[in-house]
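Residue indices begin at 1 and follow the sequence shown.
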Amino acid sequence: MAKFELKLPKMGESVAEATITNWLKNVGDRIEADETVLEIATDKVDSEVPSEVEGTLVEILFQVDDVVQVGQTIAIIETEGGEVASTPAATATPTVAAVEQTVQVAQDVAAPVDFSASEKFFSPLVKNIAKEEGISLSELEAIQGTGKEGRVTKNDILAYVEQRGSQPQAAAPAAVAKAPAAPAPATATKAVPVSVNGGDEIVEMDRMRKLISGYMVQSVQISAHVQSFIEVDVTNIVNWRNKVKNTFEKREGEKLTFTPIFMEAVAKALKDFPGMNISVDGDFIIKKKNINLGMAAALPNGNLIVPVIKNADQLNLVGMAKAVNDLGNRAKAGKLKPDDTQGGTYTVTNVGTFGSVFGTPIINQPQVGILALGAIRKVPAVIETPEGDFIGIRQKMFLSHSYDHRVVDGALGGSFVKRVADILEAWDINREI
């Protein structure tokens, strides 16, 4: 008999840890090769961890809700082979005491980055510094912020870290002295509300909805949201798609929806207006080299996820359609990988899917813009011709552009969405596919 160490696999360059959400196997269960052993969750997507070997699960090293680092051993599988194929002697099976200590360390590391228990707002940069320096939530809340409305700035937390390092005995009591105020919010967030009349159903948010809730509130607090709206005549696009969609599906094996057409137009507009393809980090603007389009997708359970089309400006319409369909199908099936939701530089959301004429979407941080596609409708419109104006039936839609007024002014935000509209209205009805 040999023992195989099942480790948390690498899930992308930007993913360093994951939370265990469900064990599908128990100690003593037989496991086949490539069979899923447990389910995990990152801050973006849920994933499955399969076994690389066939054997019996003999030890589980982490429990549900534990945070595990990439590369850590999470379970031991006993195989019928002779040698341990995956793990050097230095990382042999830990004792129960060592496992408990490892779990406790993982929980301690995760605690500082759980800011949901605080009613205060902390920027992503401040949170990252707190996580790296091992600053607890009570310590972070005790720091006197010098920013707007008393918010903790980068300089505030760095000054605290320096003081904490040079005066360890003095710094700790300061945090402890103010710690009694911290438990109140945590208790409040976990308290179950009570139905007044006894007939209301009370349901706790699932993990993804809690994350979405936090992201949305954070984005509104960080960015100064401004909207521009423009109406677009897409009659040529509707007629062209009706003409070629069957041929396209037979030739490519893919359905041709409106989404890849709009995504292609947005990618072209971002090349013309690179000032929209940026992100913000404190007082710095980061100009993105690649155009990676996020595609907001509604999941069957009502939650939202944003898979990303990498280097979207380099795809032709066929490639864009395949990318859109692939990401959309895998999102609905829960098969997205963590890398599929990373690296977005601009986001598009289709509110027209649900019949909305237009909307005011919230920016996907740290991006600075998001475009909402409204429903396509047949409307009466004035048509200009050399012989004069007349009323006709046209296919029209609204584009709603939300952008971050901290770094994007109305001239850029309005010009960008106007460029998208111009590209769509200039669609060639005789375009080849």
Side-chain angles (χ1 to χ4, degrees), residues 3-77 86-87 91 93-94 99-116 127-128 131 204-215 297 299-308 327 329-343:
K3 291 185 177 180
F4 175 84
E5 296 185 353
L6 180 64
K7 299 179 182 293
L8 183 66
K10 185 176 181 180
M11 297 168 289
E13 294 182 2
S14 59
V15 181
E17 63 185 23
T19 302
I20 295 177
T21 57
N22 185 30
W23 281 97
L24 302 178
K25 295 292 183 178
N26 299 313
V27 172
D29 287 353
R30 183 71 181 173
I31 300 173
E32 302 296 329
D34 296 325
E35 185 177 7
T36 301
V37 180
L38 70 156
E39 297 173 337
I40 58 174
T42 68
D43 63 343
K44 291 286 185 180
V45 298
D46 295 345
S47 302
E48 299 175 342
V49 178
S51 172
E52 301 175 33
V53 298
E54 178 181 339
T56 302
L57 182 62
V58 295
E59 197 168 0
I60 290 176
L61 305 184
F62 291 92
Q63 302 304 315
V64 172
D65 292 333
D66 284 345
V67 176
V68 185
Q69 303 298 311
V70 169
Q72 276 191 292
T73 301
I74 50 182
I76 304 297
I77 299 174
S86 66
T87 312
T91 55
T93 305
V99 170
E100 292 176 347
Q101 183 179 9
T102 304
V103 173
Q104 185 60 49
V105 169
Q107 292 172 336
D108 291 343
V109 170
V113 296
D114 182 13
F115 300 98
S116 60
K127 293 177 182 178
N128 287 336
K131 177 182 177 181
E204 184 178 4
M205 295 182 189
D206 60 27
R207 185 193 62 84
M208 182 174 284
R209 178 48 56 183
K210 290 177 183 178
L211 290 171
I212 294 171
S213 174
Y215 292 148
L299 300 176
N301 63 3
N303 287 324
L304 183 72
I305 199 165
V306 186
V308 176
L327 289 174
N329 292 335
R330 287 197 287 122
K332 293 176 182 178
K335 299 296 184 181
L336 288 176
K337 301 176 182 178
D339 264 357
D340 291 329
T341 62
Q342 303 293 328

Working to the nearest 0.5 angstrom, can you tell me the gap between [X] [atom1] and [Y] [atom2]?
| X | Y | atom1 | atom2 | value |
| --- | --- | --- | --- | --- |
| Lys332 | Ile305 | NZ | CD1 | 13.0 Å |
| Ile31 | Leu6 | CD1 | CG | 7.5 Å |
| Ile77 | Arg30 | CD1 | CZ | 10.0 Å |
| Lys25 | Leu57 | NZ | CG | 9.0 Å |
| Leu61 | Ile20 | CG | CD1 | 9.0 Å |
| Glu54 | Glu32 | CD | CD | 4.5 Å |

Practice problem: Start with the C-alpha distance between Lys210 and Glu204, add both sets of side-chain angles, then the distance that settles side-chain contact (heavy atoms from CB on, under 4.5 Å), and finish with yes or no. | Solution: CA-CA 9 Å; Lys210 290 177 183 178; Glu204 184 178 4; 2.8 Å; yes
Self-check item: Ionic contact status for Glu59 with Lys3, cut-off 4.0 Å
Solution: no
Minimal non-hydrogen separation, [X] against [Y], with atom names:
| X | Y | value |
| --- | --- | --- |
| Gly343 | Val308 | C-CG1, 4.4 Å |
| Ala331 | Leu299 | O-CD2, 3.2 Å |
| Lys7 | Gly71 | CD-O, 3.5 Å |

Any side-chain heavy atom of [X] sitting closer than 4.5 Å to one from [Y]?
| X | Y | result |
| --- | --- | --- |
| Leu8 | Gln69 | no |
| Glu48 | Lys335 | yes |
| Val67 | Thr19 | yes |

Quiz item: Would you say the side-chain atoms of Ser51 pair up with the backbone N or O of Val53, donor to acceptor, closer than 3.5 Å?
Solution: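 Such a contact is found between Ser51 side chain and Val53 backbone.
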Practice problem: Evaluate side-chain contact (heavy atoms from CB on, under 4.5 Å) for Trp23 paired with Val37, printing each intermediate quantity in order. | Solution: CA-CA 6 Å; Trp23 281 97; Val37 180; 3.7 Å; yes
Quiz item: Residues two or more places apart in sequence or in another chain: which of them pass side chain to side chain contact (heavy atoms under 4.5 Å, CB included) with Ile212?
Solution: Met208, Arg209, Met216, Asn303, Leu304
Self-check item: Residue that, paired with Leu38, satisfies side-chain contact (heavy atoms from CB on, under 4.5 Å) out of Ile74, Leu24, Asn22, Val68
Solution: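 The passing option is Ile74.
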